[in-house]
S.K.: 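One structure follows; several queries about it will come next.
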Amino acid sequence: MEENQSRTNYSDKPLRCIVKLGGAAITCKNELEKINQENLGIVSKQLRQAMMMGGSSNSTSASVKKVLGLDWSKRAGGGDSQISINPDEFGDQSELDLSKFIIVHGAGSFGHFQASRSGVHKGGLHHPLVKAGFVATRISVTSLNLEIVRALAREGIPSVGMSPFAAGWSTCERNISAADTSQVAKSIDSGFVPVLHGDAVYDDSQDCTILSGDVIIRHLAEVLKPGYVVFLTDVLGVYDRPPTDSNAVLLREIAVDEDGNWSIVAVENMNKQVEITVAAHDTTGGMITKITEAALIAKFGIDVYIVKAATDHSFRALNGEIRGDIPDDWLGTVIRSQRARAVL
């Protein structure tokens, strides 16, 4: 009885943050099925540190403790045939006292190529190519999901992979029509960190489509009400034109009205129109979808931070340090409701 009382009651904790790991940030997007191991490793460490002790001042000292890795499976090409763990090391429950996070990742160079080549996003499962592409897309995105779960687990994060297709998520005209979030909620209440991903799913109007991670996050945010949402990308944030343009200006803040319409909080030397490019193989809409979904999240009164992954700026966003006034030395884009801006 005493042992049960000493354990953390995760169900009493609020959901602190939903994180989107952008496909372009964690994979080499123009190289088929290649993970950016450096970025994924840094992001995993930053997530662990942000989660520890709820991001309190004690999190830094807690993060220097020995990491108790949770990936006990044999690595490909590894020579060690034995799984080495010390059960006694897991006696300190405080080491796993993490604040509640949900992680959703994009596909990047996993899945997009298979989906675009076969036309899965356009539907039509009666076509053999589309059906084959549906299978190939799911093999690709679930393999990436496993590698991300393993990277997080090696940092001691109790991550569990969850595929929307397997959980019965579906769409109608590419809008979510069925999404059971009970398993996600039960998992975070049990102290796990769910890791979902963009996926190939059934669509009521066209047989099948691609459900993007950005749309998944918007639905989870509406239902589960996190404190804030962080989009980790391969660029510093949202620009007024493609960031490869030497005249591009980083947008510090985007305001969203009660109808979900968004407008740029003006800065000098900036286009009044935002120009965005999308990679030819990206079947989910790229940054266009990201801004639209982020605006809908902000409409619920939830701040959204779009920031470059594996940087000090991304850690500060993950740790909740951008809530309120935007620090002058922070680089990224904040998307928040006009109502929330009015009370700052």
Side-chain angles (χ1 to χ4, degrees), residues 17-20 22-25 104 106 173-176 212-279 282 284-309 311 313-314 316-318 320-344:
C17 179
I18 300 178
V19 180
K20 167 68 186 298
V104 181
E173 297 181 350
R174 304 185 73 175
N175 295 310
I176 291 177
S212 79
D214 298 334
V215 174
I216 292 170
I217 284 185
R218 187 247 299 167
H219 183 78
L220 291 174
E222 182 178 9
V223 174
L224 300 176
K225 302 294 191 296
Y228 52 98
V229 171
V230 179
F231 284 79
L232 299 179
T233 72
D234 62 334
V235 293
L236 288 173
V238 180
Y239 290 80
D240 66 335
R241 67 198 81 188
T244 52
D245 188 323
S246 60
N247 295 316
V249 176
L250 177 66
L251 307 180
R252 296 275 289 166
E253 189 172 6
I254 293 174
V256 180
D257 65 22
E258 293 181 355
D259 296 322
N261 301 312
W262 54 274
S263 59
I264 300 163
V265 178
V267 296
E268 294 181 2
N269 303 319
M270 182 192 68
N271 269 351
K272 292 183 179 179
Q273 299 294 324
V274 177
E275 303 171 17
I276 298 170
T277 58
V278 179
D282 192 337
T284 61
M287 187 62 80
I288 295 171
T289 300
K290 198 178 307 295
I291 297 174
T292 301
E293 297 300 332
L296 291 173
I297 293 169
K299 178 184 171 183
F300 306 138
I302 301 167
D303 279 6
V304 179
Y305 313 127
I306 300 179
V307 62
K308 187 172 184 177
T311 63
H313 308 293
S314 63
R316 292 169 70 184
L318 291 170
E321 297 176 23
I322 314 303
R323 305 180 80 176
D325 292 333
I326 305 172
D328 292 337
D329 61 347
W330 183 77
L331 296 179
T333 302
V334 175
I335 302 180
R336 60 169 49 122
S337 69
Q338 292 179 344
R339 184 174 64 257
R341 292 188 73 246
V343 299
L344 291 178

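What you see is a predicted model; the values in this text were computed from it and never measured. Below, all heavy atoms of this structure are taken into account, side chains as well, without hydrogens, waters or symmetry copies.
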S.K.: In plain terms, say whether D303 and R323 are close enough for a salt bridge, that is, a side-chain N and a carboxylate O under 4.0 Å apart.
M.R.: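 No, this pair does not count.
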
S.K.: Which pair of non-hydrogen atoms, one from I302 and one from G227, has the smallest distance, and what is that distance?
M.R.: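 Smallest heavy-atom distance, with atoms named: CG2-O, 4.1 Å.
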
S.K.: Considering non-hydrogen atoms only, spot the tightest contact between S337 and A298 and give its length.
M.R.: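 Taking every non-hydrogen atom into account, CB-O, 3.3 Å.
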
S.K.: Can you name the nearest heavy-atom pair linking R339 to F300, along with the distance?
M.R.: NH2-C, 4.3 Å

S.K.: Using a 4.5 Å cut-off on heavy atoms from C-beta on, say whether the side chain of V334 contacts that of I322.
M.R.: yes

S.K.: Supply the atom-to-atom distance Y239 OH to T244 OG1, rounded to the nearest 0.5 angstrom.
M.R.: 10.5 Å

S.K.: What is the ring orientation for H313 with W330, classed by angle as parallel under 30°, tilted 30 to 60°, or perpendicular over 60°?
M.R.: perpendicular

S.K.: Between CD of E253 and CD1 of I326, what distance do you get to the nearest 0.5 Å?
M.R.: 4.0 Å

S.K.: After noting the C-alpha distance and the side-chain angles of T333 and F231, does the key distance pass the side-chain contact (heavy atoms from CB on, under 4.5 Å) rule?
M.R.: CA-CA 10 Å; T333 302; F231 284 79; over 6 Å; no

S.K.: What is the distance from atom NZ of K299 to atom CG of D257, rounded to the nearest 0.5 Å?
M.R.: 8.5 Å

S.K.: With S314, which of L331, V307, V230 fulfils side chain to side chain contact (heavy atoms under 4.5 Å, CB included)?
M.R.: V307

S.K.: Sub-3.5 Å donor-acceptor pair from the side chain of D259 to the main-chain atoms of N261, do we have one?
M.R.: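 No, the answer is negative, given that no donor and acceptor are paired below the 3.5 Å cut-off.
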
S.K.: Does the pair I264 and D240 meet the rule for a side-chain contact (heavy atoms from CB on, under 4.5 Å), with working shown?
M.R.: CA-CA 9 Å; I264 300 163; D240 66 335; 5.7 Å; no

S.K.: Do K20 and V229 have side chains that get closer than 4.5 Å, going by heavy atoms?
M.R.: no

S.K.: Determine whether S212 and E293 make a side-chain contact, defined as any pair of heavy atoms from C-beta on separated by less than 4.5 Å.
M.R.: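 Of all side-chain heavy-atom pairs linking E293 with S212, none is under 4.5 Å.
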
S.K.: In the structure I gave you, are the side-chain heavy atoms of W262 and I291 within less than 4.5 Å of one another anywhere?
M.R.: yes

S.K.: Looking only at atom types and distance, does a side-chain atom of Y305 sit under 3.5 Å from a main-chain N or O of L232, one as donor and one as acceptor?
M.R.: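 Flag not set: sc Y305 to bb L232 has no pair under 3.5 Å.
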
S.K.: If you look at every heavy atom in G260 and A295, which pair is closest and at what distance?
M.R.: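 Where G260 meets A295 most closely, the heavy atoms are O-CB, 3.9 Å.
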
S.K.: L236 and L250: which non-hydrogen atoms are nearest, and at how many Å?
M.R.: C-CD1, 4.0 Å

S.K.: H219 pairs by side chain to side chain contact (heavy atoms under 4.5 Å, CB included) with which of I176, L296, N175?
M.R.: I176

